[in-house]
Each structure stands twice: as C-alpha cells, then as structure tokens.
**Q** 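The following block contains the structure, expressed as structure tokens.
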Amino acid sequence: CGFDNETMGLLAPWPLVGGAAGGLIGGMLNDQIIRRTGNRRWARSLVGFTGKFIAGTLVILSIQMADGRVALAVLVAARVFSDWSLPTQWGAVTDMGGRATATVFGIVNTVGALGGFVAGPSFGWLKQEFGWDGPLYGVAGMCIFAAFTWLFIDCTKRVARD
C-alpha cells in the first residue's frame, strides 16, 4: 500500500469507526423493518443476510483496488455492513433464548471463540500460500457463508421452554 508508519497510525481506527457506525445503522434499520412489517423473523434475517453479503462482496472488491486509500475505504465500508448485523444477532439470540438467553449468548460466544482459535492458523496458512489476497478471500467467504445462514435462522422459535 505504500503507507508510512504515521499514516498507518492515522488510518488504523477507521475500521473500528466503521463497525460502530454499522452497529447503529443496523440496529435502527432492524427496528424500523420490524415496526413496518411486524415480521420479526424476516426483518432480522433480511438485515443479517444483507449486511454480511454486502460485506463479503466489498472485501472481494477491495482486493481489486490498486490504490491503498481506496482499498481502505472499501474495507471500512465492508466493516460497516458486516457489523450492522450485530444488533440483529443480539436481538435474535434474545428472542430465541427467552429465560435461557444468557446460556444461548454463552454458546454463541463459545462458538465465536472457537472460530477465532481456528482463524489465526488458517489465515496464516492462507497468507503463506496465496499472499495477502488469501486471508481477504477467506474473510469474504466467511461473510458470504454467514449471510446465507441468516436465511435459516428463525428467531421466533424458542430454543428452550419458559
């Protein structure tokens, strides 16, 4: 990318800012769709699917960018869309968990931690085998896979009896 250390330091917080913005946008969008349609299941699935799918597409697009600043802007946009599904995820877990919500959150966080455990070595291997494009394609693939899982999540069905 050709960025010096000072520029890298100034650019480093932008993905975090994008994620925060995405959370706000996604939460408001999710609530608005639920209010307008009254359909909690498809509102959550639509927001989750759309955000993750667009994020994966943008990560793939970022690989094609020759200018590092443009690539960064595209990756920040990908972070916005990726994180706009977080409030939806928390809402879906709360909807499905009922009295067992804390347990369901614990399971979700455990699975996420296991994914993080596997991601480090996997991304290291992808980087070694395919250069920096490898991990980026890996992230894109995970986003697109996550998008399609939203089509099967029905937050109106409880995982435990109250």
Side-chain angles (χ1 to χ4, degrees), residues 1 3 8 11-30 33 40-97 101-157 159:
C1 291
F3 296 135
M8 289 292 288
L11 298 175
W14 284 105
L16 181 60
V17 171
L24 288 171
I25 294 166
M28 291 187 299
L29 179 64
N30 185 65
I33 294 171
R40 183 175 302 271
R41 187 259 194 262
W42 286 109
R44 297 213 192 280
S45 291
L46 177 67
V47 171
F49 173 84
T50 304
K52 292 297 185 189
F53 190 83
I54 293 172
T57 302
L58 288 171
V59 171
I60 291 169
L61 183 63
S62 76
I63 297 168
Q64 313 307 315
M65 302 292 119
D67 184 333
R69 293 182 201 292
V70 175
L72 175 69
V74 172
L75 287 171
V76 169
R79 182 68 186 264
V80 169
F81 284 104
S82 179
D83 281 7
W84 89 350
S85 66
L86 285 176
T88 298
Q89 177 185 338
W90 298 329
V93 168
T94 303
D95 293 342
M96 294 185 304
T101 295
T103 302
V104 177
F105 267 111
I107 292 167
V108 169
N109 286 338
T110 299
V111 170
L114 292 172
F117 178 77
V118 171
S122 299
F123 286 170
W125 178 82
L126 287 169
K127 197 281 183 192
Q128 191 172 6
E129 292 295 316
F130 304 105
W132 284 110
D133 289 359
L136 288 171
Y137 280 118
V139 167
M142 287 189 311
C143 286
I144 292 169
F145 176 77
F148 282 100
T149 64
W150 273 105
L151 300 177
F152 300 99
I153 295 172
D154 185 350
C155 67
T156 63
K157 295 186 178 174
V159 295

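Positions are given from 1, in the same order as the sequence printed here.
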**Q** For A55 versus A78, what's the shortest heavy-atom pair and its separation?
**A**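 A55 and A78 have their closest heavy atoms at CB-O, 3.3 Å.
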**Q** Quick check: closest heavy atoms across K157 and M96, and the distance to 0.1 Å?
**A**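 Reported closest heavy-atom pair: O-CG, 3.5 Å.
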**Q** Say you draw a straight line from CG of D95 to CG of D154; how long is it, rounded to the nearest 0.5 Å?
**A**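 Going from the CG atom of D95 to the CG atom of D154 covers 10.0 Å.
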**Q** Would you say the side chain of L75 lies within less than 4.5 Å of the side chain of W14, judging by non-hydrogen atoms?
**A**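 Not in contact.
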**Q** What pairs of residues pass the ring pair (Phe, Tyr, Trp, His ring centres under 6.0 Å) test when at least one of them lies in residues 48-83, not counting sequence neighbours?
**A**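 Qualifying pairs: F49-F53, F49-F148, F81-W84.
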**Q** Between T50 and L29, is a side chain to side chain contact (heavy atoms under 4.5 Å, CB included) present by the stated rule, with each step listed?
**A** CA-CA 11 Å; T50 304; L29 179 64; over 6 Å; no
**Q** Starting at CG of L11, measure out to CG of L72 and round the result to the nearest 0.5 Å.
**A**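 Going from the CG atom of L11 to the CG atom of L72 covers 5.5 Å.
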**Q** Quick one: closest heavy-atom pair of G97 and V104, and the distance?
**A**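 Looking at all heavy atoms of both residues, the closest pair is CA-CG2, 3.9 Å.
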**Q** Would you compute the distance between atom CH2 of W90 and atom OG1 of T101 and round it to the nearest 0.5 angstrom?
**A**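 Rounded to the nearest 0.5 Å, the CH2-OG1 separation comes out at 14.5 Å.
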**Q** How far apart are the closest heavy atoms of V74 and L58, and which atoms are they?
**A**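 So the minimum-distance heavy-atom pair works out to CG1-O, 3.2 Å.
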**Q** With a 6.0 Å cut-off on the ring centroids, do F130 and W125 count as close?
**A**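 Yes.
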**Q** Would you check if L126 and Y137 make a side-chain contact, meaning some heavy-atom pair closer than 4.5 Å?
**A**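 No, their side chains stay 4.5 Å or more apart.
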**Q** Backbone N or O of S82 within a donor-acceptor pair of the K52 side chain at under 3.5 Å?
**A**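 Flag set: sc K52 to bb S82 pair under 3.5 Å.
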**Q** Any donor and acceptor pair, going by atom type alone, linking the side chain of T149 with main-chain N or O of A146 inside 3.5 Å?
**A**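 Yes, the answer is positive, given that a donor and an acceptor are paired below the 3.5 Å cut-off.
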**Q** CD of Q128: more than 12 outside heavy atoms within 6.0 angstrom?
**A**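 For Q128, atom CD is not crowded (no more than 12 foreign heavy atoms under 6.0 Å).
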**Q** Distance from I25 atom CD1 to N30 atom CG, nearest 0.5 Å?
**A**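 Reported to 0.5 Å precision, the distance equals 13.5 Å.
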**Q** Which distance, rounded to the nearest 0.5 Å, do you find between the OG1 of T88 and the CD1 of I153?
**A**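 That separation rounds to 10.5 Å.
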**Q** Could you tell me the separation between the CG atom of L86 and the CG atom of L24, rounded to the nearest 0.5 Å?
**A**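 Taking CG in L86 and CG in L24, the distance rounds to 11.5 Å.
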**Q** State, to 0.1 Å, how close G56 and A140 come at their nearest heavy-atom pair, and which atoms those are.
**A**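 For G56 versus A140, the nearest heavy atoms are O-CB, 3.5 Å.
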**Q** Closer than 3.5 angstrom, by distance alone: can the side chain of S45 be matched with the main-chain N or O of R41 as a donor-acceptor pair?
**A**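 Answer holds: yes.
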**Q** Are any non-hydrogen side-chain atoms of T103 and V159 less than 4.5 angstrom apart?
**A**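 No, their side chains stay 4.5 Å or more apart.
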**Q** Where is the tightest heavy-atom contact between D83 and G19, given as atom of each residue plus distance?
**A**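 Looks like OD2-CA, 3.2 Å.
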